[in-house]
Amino acid sequence: MNDMRIVERDVDTNEVKIAARDVQVFYGDNHAIKDVSVDIDDKTVTAFIGPSGCGKSTFLRCINRMNDTIDVCRVKGDIRIDSEDIYDPKVDPVQLRAKVGMVFQKPNPFPKSIYDNVAYGPRIHGLARSKADLDDIVEKSLRRGAIWDEVKDRLHAPGTGLSGGQQQRLCIARAVATEPEVLLMDEPCSALDPIATAQVEELIDELRKNYSVVIVTHSMQQAARVSQKTAFFHLGHLVEYGETGTIFTNPVDPRTESYITGRIG
Amino acid sequence: MPFTWLVLIILAIAAVGFVTGRSRALQSAGGDSRDLHSLPIYYGSHVAMWAVVPAAAVLIVWLLAQPFFVNSRVLATLPDGVVTEGSSIGLVMSDVRRVAGGLDVAVAQGAMTRDEAAAISSKTTDVRESLGQVGVALGSDVSAEVLGGAQLYRTLNATGSLIMTVVVLVIALGGAGWAVSRSDANFRARNTVERGILALLICAASIAVLTTIGILFALLFNTIEFFRLYPAADFFFGTKWAPSFSGRGGASDLGVLPLLWGTFYISIIALLVAVPIGLFSAIYLSEYASPRVRGIAKPLIEILAGIPTIVYGLFALLTVGPLLVSMFGKDTVGWMQGGTAVMTAGLVMGIMLIPFVSSLSDDIINAVPQAMRDGSYGLGATQSETIRQVILPAALPGIVGAILLAASRAIGETMIVVLGAGAAARLSLNPFEAMTTITAKIVSQLTGDADFASPEALVAFALGMTLFVLTLGLNVFALYIVRKYREQYD
């Protein structure tokens with residue numbers, strides 16, 4: 001927990017990438033997210049923490065409109081990426097999701113080869129002009145996913161045959177292959193062992209150079225290790241949001257303090 | 001003693017044994033069921049099990065064995081002379097059984113006393129007439145040998161039944177008594193009953209397996225018999241199917257190829273109809289339809305699977321055939337001569353197979369984990385891209401399995417073919433011509449009045465064997481595909 005004492009963090013002062021205002025989410029009659037407003041910076045890792053069921057994953061899924069695939073889910077309020085309202089009827093959610101990549105809790109490679117897994121997005125969106133171009137994109141993405149050296153000799157082996165940590169890095173490579181601007185990660189390490197977790201965390205720090213990364217995590221150590229900003233959710237409310245160092249050492253809200261000291265959650 | 005009574009008495013012994021065993025066990029524990037090894041009901045069940053199972057097993061074996069024993073004893077007494085020209089020992093034995101049955105009826109109706117029936121002789125009485133009076137018609141006068149055989153038959157059966165009753169009752173009582181004697185607090189009744197249940201389950205499973213083997217052997221022996229009468233090469237490679245029934249003279253051509261071709265042609269058309277429609281409806285139902293639509297549509301499609309095939313056959317004969325004739329008949333393009341054709345049967349069979357394909361595919365598509373869909377949507381794929389590139393490839397082995405199962409169903413289908421495709425065995429590429437299949441020919445070869453020992457009738461078994469091997473091969477292949485390519489998602 002040593003990291004938590006570091007108050008001074010090198011937060012690059014950035015313009016706001018995602019701006020959410022008064023977001024409400026309902027699952028049928030269940031009011032899952034209440035009045036959440038948050039500004040997420042570009043080229044920053046932002047961590048969402050909070051006890052189970054507090055709505056952090058739900059809010060994450062609002063940012064790329066993955067909640068649209070759930071029938072009973074309704075989203076109200078205003079979420080803007082680069083000042084553009086993503087819930088505007090003019091916006092195609094499919095295009096949006098290409099711009100806002102997502103990595104899931106459990107590694108979910110498609111039952112295809114490693115190459116085809118990474119090439120999936122570029123092929124759908126027509127990002128490659130030629131086969132050589134596609135090869136380049138795949139290699140670059142796998143390098144960004146920090147898995148190139150492990151798989152370069154077996155690109156045509158099935159992606160499901162990799163180990164859990166490798167699968168998750170493959171999924172990250174797959175997500176960055178479509179050149180997203182934002183990368184959403186929903187507990188990306190919860191199914192991984194500590195070594196794979198360390199590799200993925202290192203990778204997340206790398207990714208910060210190019211993307212705005214939002215990560216949901218149950219591990220407060222992980223939030224402290226990888227993020228520059230942290231948001232604490234509780235019972236559907238955004239309780240506190242600020243620089244990670246401040247949140248962990250000097251929280252304003254008593255609920256945040258209770259949570260990070262282990263009294264609730 | 002009638003059979004029903006015997007069964008009821010065994011059950012009564014079991015019931016009494018249940019109560020006795022239970023109370024004896026309780027007694028040995030001083031009336032406190034907590035001191036028993038098992039719940040009291042297990043001690044009761046244990047005794048009941050020992051009363052019923054061995055007795056029932058002996059009963060069943062005895063019932064199976066007694067007719068063989070009696071038959072062979074009666075046969076041994078019949079002199080060689082009774083088998084007349086044009087007859088066989090089997091016919092004489094059936095006469096014996098019939099007379100014996102007639103005597104039973106006469107006794108039951110009070111026309112004869114038990115002693116009279118035992119003492120009746122063909123010299124003093126006209127047996128045929130006296131049995132005719134009680135409603136048992138015999139084909140010819142009863143000879144002394146047959147009457148003697150019938151009387152022996154009755155005596156043996158009566159004695160056999162008496163011994164059987166005594167033996168079975170002794171076993172039931174003995175079993176129950178032995179089990180009661182073991183019922184004390186330390187006896188592990190629960191484990192014993194559990195083993196009994198296990199044995200019951202094994203019996204049930206082996207009956208299914210043994211029946212399959214039995215069917216296979218019945219087919220096999222008759223097939224071998226057929227190949228003894230008809231050359232196998234002519235059967236497997238003959239291109240003509242022209243059975244000539246005895247009496248009309250001439251040798252038969254029994255080549256399987258026209259039938260095999262008809263079977264495959266009709267099945268292929270059926271699959272061409274069923275696979276796209278079934279698969280597309282499965283995709284719609286599992287990926288696009290709202291739960292409400294799915295809740296209504298899925299059972300409706302599955303109703304198709306419950307319609308008897310004879311009804312489909314009528315539909316082919318009365319609706320689809322005439323419709324096709326009006327479309328392709330001599331009034332328009334002139335491809336089709338009559339309503340019965342490969343196309344008619346194929347289309348209707350295809351409709352019949354839709355629920356097989358759609359229902360199985362639907363389950364398989366639903367089994368693809370949501371994580372796959374999320375992963376694809378998360379990369380900005382549309383719903384149809386996700387289905388085409390992720391879900392269908394993941395579900396493909398299962399879908400292929402479903403299609404192969406539908407194919408073996410199509411190959412084995414009979415009624416639709418009989419009514420829809422006609423009866424002409426023909427090697428032709430025109431789908432608007434009448435053709436026939438293996439199954440339809442099995443029906444027509446066995447429902448005529450052909451001699452059962454002639455190759456024209458026995459060929460049905462060879463056809464059945466061919467069909468069995470074909471569908472078995474397809475099923476094994478389907479299972480292999482499904483197992484080999486099954487995706488391990490976890």
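Throughout, a chain's letter reflects where its sequence line sits, starting with A, and its residues are numbered from 1. Computed from a predicted model, the values in this text were never measured in an experiment. Below, all heavy atoms of this structure are taken into account, side chains as well, without hydrogens, waters or symmetry copies.
Residue Tyr288(B) qualifies as enclosed at atom OH: its count of foreign heavy atoms under 6.0 Å is above 12. Around OH of Tyr480(B), the count of heavy atoms belonging to other residues, nucleotides or ligands within 6.0 Å does not exceed 12. With a 6.0 Å radius and a threshold of 12 heavy atoms from other residues, nucleotides or ligands, Leu210(B) has its CG atom above the threshold. More than 12 heavy atoms of other residues, nucleotides or ligands shown are found within 6.0 angstrom of CD on Glu302(B). For CZ of Phe477(B), the number of neighbouring non-hydrogen atoms (other residues, nucleotides, ligands) closer than 6.0 Å is 12 at most. Other residues, nucleotides and ligands place no more than 12 heavy atoms under 6.0 Å from the CZ atom of Arg190(B).
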For Arg373(B) and Thr69(A), run side chain to side chain contact (heavy atoms under 4.5 Å, CB included): C-alpha distance rounded to whole Å, both residues' side-chain angles, the deciding distance at 0.1 Å, then the answer. CA-CA 10 Å; Arg373(B) 297 182 180 86; Thr69(A) 61; over 6 Å; no

Side chain to side chain contact (heavy atoms under 4.5 Å, CB included) between Leu379(B) and Arg97(A), worked out: CA-CA 6 Å; Leu379(B) 288 168; Arg97(A) 288 183 206 133; over 6 Å; no

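Inspection of non-hydrogen atoms places Ala381(B), Thr382(B), Glu385(B), Thr386(B), Gln389(B), Val390(B) of residues 381-391 of chain B under 4.5 Å from chain A.
Of the listed residues (Ser376(B), Ser290(B), Pro291(B)), the greatest number of heavy-atom pairs within a distance under 4.5 Å of chain A belongs to Ser376(B).
A donor-acceptor contact shorter than 3.5 Å is absent between the side chain of Asn108(A) and the backbone of Met372(B).
Both the backbone and the side chain of Phe110(A) come within less than 4.5 Å of a heavy atom of chain B. Neither the backbone nor the side chain of Lys99(A) comes within less than 4.5 Å of any heavy atom in chain B. The part of Arg61(A) that comes within reach of chain B is its side chain, from C-beta onward, which places non-hydrogen atoms under 4.5 angstrom from that chain. Using a 4.5 Å cut-off between heavy atoms, Val103(A) does not touch chain B at all. Proximity to chain B is limited to the backbone of Pro109(A), based on heavy atoms less than 4.5 angstrom apart.
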